[in-house]
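Accompanying notes for the structure given below.
In what follows, chains are A, B, ... by sequence order, proteins preceding strands, each numbered from 1.
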2 protein chains.
Amino acid sequence: MSDNANSVNMTAPSRGYHHGDLRAALLDAGLDLLKSGSAETLSLREVARRVGVSPTAVYRHFPDKAALLKELCIRGALELAQAQAQAMKAAGGGRKGFAATGGAYIRYAVANPVLFRIMMANMPPGGFFSSDFSDDQVGIQMLRDNIISLVPKEAGEEGVLFGMLMSWAQVHGLSMLMLDGQVPVSEETIKAFESSRLEFRFVPDQPSE
Amino acid sequence: MSDNANSVNMTAPSRGYHHGDLRAALLDAGLDLLKSGSAETLSLREVARRVGVSPTAVYRHFPDKAALLKELCIRGALELAQAQAQAMKAAGGGRKGFAATGGAYIRYAVANPVLFRIMMANMPPGGFFSSDFSDDQVGIQMLRDNIISLVPKEAGEEGVLFGMLMSWAQVHGLSMLMLDGQVPVSEETIKAFESSRLEFRFVPDQPSE
DNA sequence: CGCATTATGTTTACAGTGATAACATGTCCG
DNA sequence: CGGACATGTTATCACTGTAAACATAATGCG
């Protein structure tokens, strides 16, 4: 593009042809678009446009759209984990802290609907458990620690895993139902959730009632 | 889906135009495609191709793609409700029956991944609660009845609603996590869920621990 | 320093999509 | 019978992801 009227270069050393750090810029723009939530589907071309580069420039840095998306997922997951960690700290840890991480999860989801949905749908298999971003205190580890401290000791490792699964499913389900418009998004509901305690226990096979 | 395949409406209007009853055929093809799960995104053109009509013929029966999707959602929701009702009956009602409806929900989701995801994402606002398909015993009503019988009487209407929400969120979250590959799809896990009982209760605002 | 190699960005092109408009045809009803 | 209307088709457009060929900047080696 020779017409440089609308140079969107944010980085100072944006000498014409070579954009300082296109890869990072693309990721930023992508995340930004997903957060704006405007377009249900972010397109490579839109991202490129945003950065001020030709549509196919993206392919010098990402093999395809899925690859870009995958990285954005990880970014989102990190952000989410941060929000949870912060909520935990703000609530002073303990059981209340744990509930707060759940609330943070839901709030993050409804605050970033497009991102969150794409995030979950494009997370690499086993994503949250993967080591891609386990460098820091990340949601899953936090969840694990919390569950361990909440589940009766005799439940064993299996019980811990089941507890993690159920807790996660709980907040995730609530988040998705809100995102999908099946349940009204209401801070009140989130608060109610936070101050509710759920317990689950195996019940031996027995006649109902 | 059987009501229109072989037994043509005895009512006159199904006189052969060009395709007999394109609208129904399109819906069938659409549902079929979503169930095959092959293509992540079913396209109007593909549906049309499947039925053997020109791409734009669809627009004589649906204003746009979203409209087609919406109807497919409702079909899926009905199917899901049927599966749940059947599971309930098979389990002999009661608490076990209720758990079975949860299992049926999850199993339907993992058995129809594409359909289920699109179903939830495109369900009209408040979809499951809408009267669009409340003609029969549908999931939500069943859920409500079950919750009412399981929640302590003093919880009141609000407690019932909250219970419904939490139960739904639980199975929905588990389903989505499996669909998204965050949790391995395993019949064992589903069974474990079915034989677990979850309880939730409000805890008054109190110092943690 | 000069030049070849490589990294990066551009242009061009293609197949596929949802959608609109103009057209063609079949069906029905007065 | 003949027009009115419902249904299906043929262009056509704007948009998408992606590949191939090309152009330019940065880099390294003689």
Side-chain angles (χ1 to χ4, degrees), chain A residues 1-30 33-34 36 38-73 114 118 121-122, chain B residues 4 8-30 33-34 36 38-73 114 118 121-122:
Chain A
M1 284 293 188
S2 51
D3 54 331
N4 46 12
N6 58 348
S7 66
V8 290
N9 323 345
M10 26 194 280
T11 57
S14 65
R15 287 291 342 122
Y17 213 94
H18 275 44
H19 184 285
D21 189 355
L22 220 196
R23 185 185 165 88
L26 289 173
L27 286 174
D28 283 347
L33 278 177
L34 286 186
S36 305
S38 56
E40 182 58 45
T41 73
L42 106 164
S43 69
L44 289 189
R45 297 176 106 100
E46 193 174 352
V47 174
R49 223 173 287 138
R50 189 97 148 195
V51 174
V53 85
S54 85
T56 58
V58 184
Y59 288 89
R60 293 294 133 161
H61 298 271
F62 302 93
D64 59 2
K65 185 181 181 181
L68 206 216
L69 246 21
K70 205 171 93 179
E71 301 239 5
L72 290 180
C73 289
V114 183
I118 295 202
N122 293 74
Chain B
N4 48 16
V8 183
N9 300 356
M10 277 104 65
T11 56
S14 67
R15 281 273 353 114
Y17 311 124
H18 254 170
H19 198 276
D21 191 354
L22 221 197
R23 183 186 166 89
L26 290 174
L27 286 174
D28 283 347
L33 279 177
L34 285 187
S36 305
S38 54
E40 183 59 45
T41 73
L42 107 163
S43 69
L44 289 190
R45 297 176 108 99
E46 194 175 350
V47 174
R49 224 173 287 137
R50 190 96 147 196
V51 174
V53 302
S54 84
T56 58
V58 185
Y59 289 91
R60 293 295 133 164
H61 298 272
F62 303 93
D64 59 0
K65 185 180 182 181
L68 206 214
L69 247 21
K70 206 171 92 179
E71 300 239 7
L72 290 180
C73 289
V114 183
I118 295 201
N122 291 76

> Would you call A/L27 and A/L72 a side-chain contact if the rule is heavy atoms closer than 4.5 Å?
Replying inline: yes
> Any side-chain N or O of A/S43 under 4.0 Å from OP1/OP2 of D/dT16?
Replying inline: yes
> Could you state the CG-P distance from A/L42 to D/dT16, rounded to the nearest angstrom?
Replying inline: 10 Å
>> Expressed as a whole number of angstroms, how long is the span from B/L68:CG to C/dT17:C1'?
In response: 15 Å
> Can you check the A/N122 CG to D/dG17 P distance for me, whole Å?
Replying inline: 13 Å
>> As a quick check of understanding, evaluate side-chain contact (heavy atoms from CB on, under 4.5 Å) for B/V114 and B/T41, giving each step before the final call.
In response: CA-CA 8 Å; B/V114 183; B/T41 73; over 6 Å; no
>> On DNA chain C, compare the nucleotides closest to A/R23 and B/K65; which residue's is nearer the 5' end?
In response: A/R23
> Taking CZ from A/R60 and P from D/dA26, how many angstroms apart are they, rounded to a whole number?
Replying inline: 16 Å
> Separation of B/L26 atom CG from D/dT7 atom P, in whole Å?
Replying inline: 12 Å
Show me the donor-acceptor pairs within less than 3.5 Å that the side chains of residues 42-67 of chain B make with the rest of the protein, sequence neighbours left out.
from: B/S43; atom 1: OG; to: B/E46; atom 2: N; distance (Å): 2.9
from: B/R50; atom 1: NH2; to: B/D32; atom 2: OD2; distance (Å): 3.0
from: B/D64; atom 1: OD1; to: B/A67; atom 2: N; distance (Å): 3.2
from: B/K65; atom 1: NZ; to: B/L42; atom 2: O; distance (Å): 3.1

> Of all the nucleotides listed (C/dA19, C/dT8, D/dG8), which has the minimum atom distance to the side chain of B/T56?
Replying inline: C/dA19
> Could you state the CG-C1' distance from B/L22 to D/dT7, rounded to the nearest angstrom?
Replying inline: 9 Å
>> If I take atom CZ in residue B/F62 and atom C1' in nucleotide D/dT7, what distance separates them, rounded to the nearest angstrom?
In response: 14 Å
> Roughly, in whole Å, what's the span from CD in B/E40 to C1' in D/dG17?
Replying inline: 16 Å
> Has B/H61 got a side-chain N or O lying under 4.0 Å from the OP1 or OP2 atom of D/dG8?
Replying inline: yes
> What distance do A/D28 atom CG and A/D21 atom CG have between them, rounded to the nearest 0.5 Å?
Replying inline: 9.0 Å
>> If you compare all heavy atoms of B/K70 against all heavy atoms of B/N122, which two are closest, and at what distance to 0.1 Å?
In response: CG-O, 4.1 Å
> Listed in order of residue number, which residues of residues 44-55 of chain B have a non-hydrogen atom at under 4.0 Å from DNA chain C?
Replying inline: B/L44, B/R45, B/R49
